[in-house]
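So the structure is just underneath, and the comments pick up after that.
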Amino acid sequence: MASAHLGSPIQSFLDALRAKYADDREGEVATYIPELAKADPELFGICIATTDGYVYEAGDSRHEFTIQSISKPFVYGLALDDHGAELILKKVGVEPSGDAFNAISLHKVTGCPLNPMINAGAIATTGQIVAESSDARIGRILEMFERYSGRPMRIDRDVYESESRTGHRNRAIGHLLRNFDILVDDPTATVDAYFRQCAISVTCADLALLGATLANQGLNPVTGVRAIKEQHVENVLSVMASCGMYDFSGGWIYNVGMPAKSGVAGGVLAVLPGQLGIGVFSPRLDAQGNSARALKVCEELSKAWELHQFNPPYCAQTSRRLAYTAAQRNSSRTRHPSHRACLREHGTRIHVVEMQSNLAFSTTEPIVRDVLDRVGRPLAVILDFHHVTAINGVAVRMLVDLAESLARRGVMVFFTHTQRLDVVRAQVAAYLTDRGEVEALFRYHSTDGALEHCEDVLLDELHALVQLVDHDLHDYEITASLTEDEIALFATLLKHRSHASGEKITSSGEEATNLFLITKGVVGVLLGGPAAAGNRVASFSVGTMVGEMAFLDGAPRSADVVAEGEVETAAFEIADFHRLQQSHPVLHTKILRNIAVSLATKLRKVSQDVSVFSAERG
Ligand code: GLU
């Protein structure tokens, strides 16, 4: 567990908050469980845990106290995991009761406790945990808390025995629940497990982490362990929001705006879904049974950091990071000038939309609208997930539905850079029954690969790819503005070679003695490893030249160049080039200029990329 560093404004705020209320002595320590009365009333800790597992601590953040009622929502979550919400709702309701926590408030007809946060509901819930014996039941409950806290948990024997000796009212509740068949086995054993569950020792830091785990959709952000099934997190948070703070639940949600739960030992746990968990501990309780200082601290935190759930940060417009067409920005394939011109003219039919942040309904809806707005007669839409940090089920379904409706109109759709979000592929596969469609969507890992393919398809459609005839040097970058005689002379200097698919044409580090023209096929440029591992940084097609940098600086080859399919090249030696300076200075100058133009084109591509990016950024 990371701890906060000096100079952090967050840490300073927590320290100041603790100092501000340290002398506030409102309220009384609970005494109805005799052992609780022994608590030092001055103890006071505040902790915040983020959903990426960072924990800020102030004051007595590592002092142990008993979890008490804060155990209730978590055991409710375990019961939901064991049986599903449908069955559990038949046993315990979800309505706020307005009664005291230990009231014997059961539904008049069914006998169901009104909610799982009052003792009657909590005891009924503990009774639902699947186990052979009371020991096994508490064993499972302890294991569950260990998943949430990431550390071994233990029961405070003294507090447990103290409550067991005096908990007659809870025993009475247990028997009533048995009477209504809400509990079906021995109520004494269930109430005993409940007493032990309430006597589990926790620290303020544990509470914050328990909260952060719920905020993180049930995944402990430090250990990565799943503590509760994702689909039940919202159920647990809902009962906390409506019933978690005893008879102050309405006032709490109004003022603080976070699902929370408090316990009679003085702990309060609050959760801001998706963002953080808060744990506060201070034993003096107010008239409603909530820790008086914790209440003030949480209220102030909520106000200062604008954490109220009903005032969420607005993020819908931030989900589109970048959008462009192939008329504005191209793949890393270096193409013949005529092809580049063709893409500039017709590239508006290929759309790339880079998404970012969390994709849910409200952040995906603008993406869907944006894609549908950019029509005309689109050939392809590439949706890039590289900067998407999280995505939920509805967002996946919306994007798949969009892809399907585009596909029906004959538009190619690709989802790229989904590797980090393995959920996307799994969810798409679960949603789409046709495996072929799934494969097609994910055919290209990178946007660059997908874009290159779409450009090829577009050029093919426009019959642009056939314009270059093998070995006719007129249309090459390097022969621009050369006369017929000069081309004829230049042609005598070239050495033609054929390369099988996969053949390495040049290797990184080797001495560069020539440049070569691509006269057939496509070559890939690999930096530091194979193409499959994502090392293909660029490619070149017919009419372009590769390796011309060495003509200017004489440096060794900087990358591997590999034939992709059958390739033919024509090599031009640096030595021959130098000889031209004496024998044919004009030709030498023209070639030098063409090499410079080729380099300038590559540089221009870089600035074009940058300008697309900055235009979008405003
Ligand atoms: N073990 C306590 C009881 O049932 C828990 C009460 C609470 O924290 O609200 O009385």
Side-chain angles (χ1 to χ4, degrees), residues 27-39 64-76 92 96-106 113-127 134 137-138 141-142 145 155-177 183 187-188 190-202 204 206-207 210 239-240 242-249 252 260-270 279-292 294-295:
E28 303 293 335
V29 174
T31 53
Y32 77 100
I33 298 173
E35 195 63 23
L36 291 183
K38 296 182 183 164
E64 295 203 347
F65 54 95
T66 53
I67 189 167
Q68 298 298 340
S69 266
I70 303 171
S71 63
K72 292 171 180 174
F74 294 92
V75 175
Y76 182 62
V92 183
S97 72
D99 296 329
F101 74 97
N102 58 1
I104 304 185
S105 76
L106 306 178
L114 292 187
N115 68 66
M117 301 293 103
I118 53 171
N119 286 3
I123 294 166
T125 303
T126 302
S134 178
R137 186 167 279 162
I138 192 66
I141 292 174
L142 276 168
F145 278 113
I155 292 167
D156 183 325
R157 286 245 129 237
D158 296 338
V159 175
Y160 157 65
E161 280 165 9
S162 177
E163 179 161 11
S164 179
R165 271 195 304 274
T166 54
H168 308 300
R169 193 181 174 93
N170 283 332
R171 283 203 182 83
I173 293 175
H175 282 282
L176 262 178
L177 291 169
L183 289 179
T188 322
T190 300
V191 173
D192 186 64
Y194 167 76
F195 288 154
R196 288 197 273 170
Q197 136 196 347
C198 289
I200 291 173
S201 254
V202 289
C204 211
D206 290 332
L207 291 188
L210 262 56
V239 292
M240 286 169 71
S242 57
C243 320
M245 298 299 283
Y246 305 118
D247 275 350
F248 186 60
S249 296
W252 168 276
K261 186 71 199 88
S262 73
V264 288
V268 168
L269 173 155
V280 186
F281 167 57
S282 168
R284 288 194 194 91
L285 310 180
D286 67 9
Q288 275 100 8
N290 294 307
S291 165
L295 229 60

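One-based numbering, in listed order, for ligands and for the atoms of each. The figures here come from the full heavy-atom set of this structure, side chains too, leaving out hydrogens, waters and symmetry mates.
- Under the 3.5 Å distance criterion, the side-chain polar atoms of S291 are matched with a main-chain donor or acceptor of S282.
- Put simply, the side chain of R165 does not reach to within 4.5 Å of the side chain of E35, judged on heavy atoms.
- Applying the salt bridge (Lys or Arg N to Asp or Glu O under 4.0 Å) rule to E64 yields the partners R151, R154; only residues at least two apart in sequence or on another chain are considered.
- N115 places a side-chain N or O within 3.5 Å of a backbone atom of I118 that can act as its donor or acceptor partner.
- Partner of K72 under the side chain to side chain contact (heavy atoms under 4.5 Å, CB included) criterion, chosen from N119, T126, I67, V239: N119.
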Dump the pairs for me: ligand 1 N or O, protein N or O, distance under 3.5 Å, to 0.1 Å.
residue	atom	partner	partner atom	Å
ligand 1	1 (N)	Q68	OE1	2.7
ligand 1	1 (N)	E163	OE1	2.9
ligand 1	1 (N)	E163	OE2	2.7
ligand 1	4 (O)	N119	ND2	2.9
ligand 1	4 (O)	E163	OE2	3.4
ligand 1	4 (O)	N170	ND2	3.0
ligand 1	4 (O)	Y194	OH	2.6
ligand 1	8 (O)	S69	N	2.9
ligand 1	8 (O)	S69	OG	3.0
ligand 1	8 (O)	Y246	OH	3.3
ligand 1	8 (O)	V264	N	2.9
ligand 1	9 (O)	S69	OG	2.5
ligand 1	9 (O)	Y246	OH	2.4
ligand 1	10 (O)	Y32	OH	2.6

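- For Y76 (side chain) and G121 (main-chain N/O), no donor-acceptor pair under 3.5 Å exists by modelled atom type.
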